[in-house]
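Computed from a prediction, not measured in an experiment: that's the story for all the values here. The chain is numbered in sequence order, starting from 1.
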Amino acid sequence: MVRVVALVVAVFVAEVAALWPAPRQLQKGSSALRLSSAFSINVKVPNAPGDLHDAAGRAAYWIKNEKMERLVVGRGAADAKAVAASKWLSGLNVVLAPGALKALPIASESVKAVGTRDEGYTLTIPATGAPATLSANTTLGLLRGLTTFQQLWFVHGSDTYMLGAPMTITDAPAFPYRGFMLDTARNFYPVADIKRTLDVMSLVKLNVFHWHIVDSQSFPLVVPSMPELSSKGAYGSSMVYTPADIADISKYAAVRGIDIMLEIDTPGHTSVISQAHPEFVACPGFDTWQHWANEPPPGQLRLANTSVIDFTSKLFKAVASQLPGKLFSTGGDEINAACYTEDAVTQAALKASGLTFSQALQTFTDKTHATLRGIGKTPAVWEEMVLDNALPLPKDTVVLVWISSQNVASVASKGYRIVHAASDFFYLDCGLGGWVGDCAGCNSWCEPYKTWQKIYSFDPFNGTTADQAHLVLGGEALLWSEQTDAASLDDTAWPRGITQAEVFWTGANGSDGKPRSGQEALPRLHDIRFRLVQRGVRARALQPLYCALRDGVCDLNA
């Protein structure tokens, strides 16, 4: 990865190529092109896997049924003359690039180790009516190209058309990790809502679903070898994710180009385990929870006990074995020292072993991580594990920096791979108000609200030197669910949660080599938001429709 990732793109005119994320290279003409009534996507890949055919089918369906009008005054009426004189596009040929290896299923390519996936593609669309061509080295690259192709089309009257033909796009991501995190423990989300989230992610080329599946408040994950955890820890018998659900969601994600990084946060954030195993948890349900935890209910694993280490290792193995991806997060954030200091059982275990708390935490982490590595998984942790607790973890461990973007430099100086997840840029729950009761003057701890403009302004190389830039894997938007559930998921997450899709696909700079421009991005973000709405996603409006139809008229400097 280079220190500065330039975006080589012809000048983007919003009404011609309203793509999100912006491709790395784009050349376009000035002609319109109509979609033939006989248009088809033709997969011309020898022994093409079924999920590539399925992806082509989904793309063809949305191109014909999305019915997206152009976001201009008149909603495309001014294009009618040019469209009437344009050629008809009969098809899109989907092929492997010369020299490409045998086509593997998209689902297999999606779950390869981060940094080893090939997501690049080339899309060529003539203005003559000759078939367009989508070419890539992998089926995953072909999937990414199909999502771009879908975003080119608009409708007016009976015509489905695009502008800017002939067009050639050569594209590939700047960063290998582009994610979205959802917390399903504080409030529960049905499977259908998770699948809709994955659909949005796929359309904008996000490729990691970070699933914070359990926490202190509830344990909705059914673990067949430990059924007591969900039977006693879920909010209700219907608010669980069964092994069949996990398999279903995992497959649904993988064929859409998305890997799942499941998280079971330990040793903190585990109070709910006391419902099934009170002997494993220190200070569960203590009064004055503010002293024992950042949120109620307090309680964290007695990490110095060998039985707890064995239990956690078995839990990790049982859960991680269900997923094909390589990453698994063990958390490690917000460990409350007072809880362990006041817990007689933990203090007795430390005394008996002759270990300090730090040494016990190291032992706990080493042994549980060894279990994951033994089944081919790479651990991911929150930043405290390598900063506050200074654990010397293996350098391939992935570290999510969340407390502040200012902490990236400290993690980079230790040589760890980094995922940007900073609360000052990427927390979608900030600024929604205070969720604690009886507190008229309270607000979220990480206020203010993180606008799309704030997210879009982020520098992926923040906190790194030229020699450290290779450590940046990418980043993610995060939705903690204290004040969000299925009813408000779409409105809270989108379109803000797709803003970083461009930050980490396109790279550090805009088309002219200068910092990216929110003014240039807004019309394209409007466009993708309206496309989501056309697909049944209740994404929040960015501006009045008046502004969306008139590029720049609502800017302060207009």
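A distance of 6.0 Å or more separates the ring centres of F328 and W211. Taking the six-membered ring where the residue is Trp, the centroids of F175 and F461 are separated by under 6.0 Å. In summary, the aromatic rings of H210 and F180 are positioned with their centroids too far apart to meet the 6.0 Å limit. Two rings, from Y235 and F188, have their centers 6.0 Å or more apart.
Heavy-atom minimum distance, S405 versus D424: OG-OD2, 2.7 Å. The two residues S404 and S423 make their nearest non-hydrogen contact at N-OG, 4.5 Å. Taking each heavy atom of S481 and N187 in turn, the nearest pair found is O-ND2, 2.9 Å.
In this structure, Y340 and F357 have tilted ring planes: the angle between them lies in the 30° to 60° band. Taking the six-membered ring where the residue is Trp, F426 and F458 present perpendicular rings, their angle passing 60° and hence far from 30°. Relative ring orientation between H212 and H269 is described as perpendicular, the plane-to-plane angle rising above 60° on a 0-90° scale split at 30° and 60°. Classification of the H420-F504 ring pair by plane angle, with boundaries at 30° and 60°, yields parallel.
Checked by atom type, the side-chain pair W382/E263 shows a donor-acceptor distance below 3.5 Å. Of the N and O atoms on the side chains of W445 and N294, not one donor lies less than 3.5 Å from an acceptor on the other residue.
K450 places a side-chain heavy atom less than 4.5 Å from the side chain of C430. By the 4.5 Å heavy-atom criterion applied to side chains, V214 and V272 are not counted as neighbours.
Of the options E119, E502, E476, a salt bridge (charged side-chain N to carboxylate O under 4.0 Å, His left out) to R178 is made by E119 and by none of the others. Of the options T139, N137, T138, a side-chain hydrogen bond (donor to acceptor under 3.5 Å, both in side chains) to D118 is made by N137 and by none of the others.
Taking CG of L372 as the reference point, atom OG1 of T378 lies at 9.0 Å (rounded to 0.5 Å).
Listed for the D51 side chain is no donor-acceptor partner under 3.5 Å among the backbone atoms of V255.
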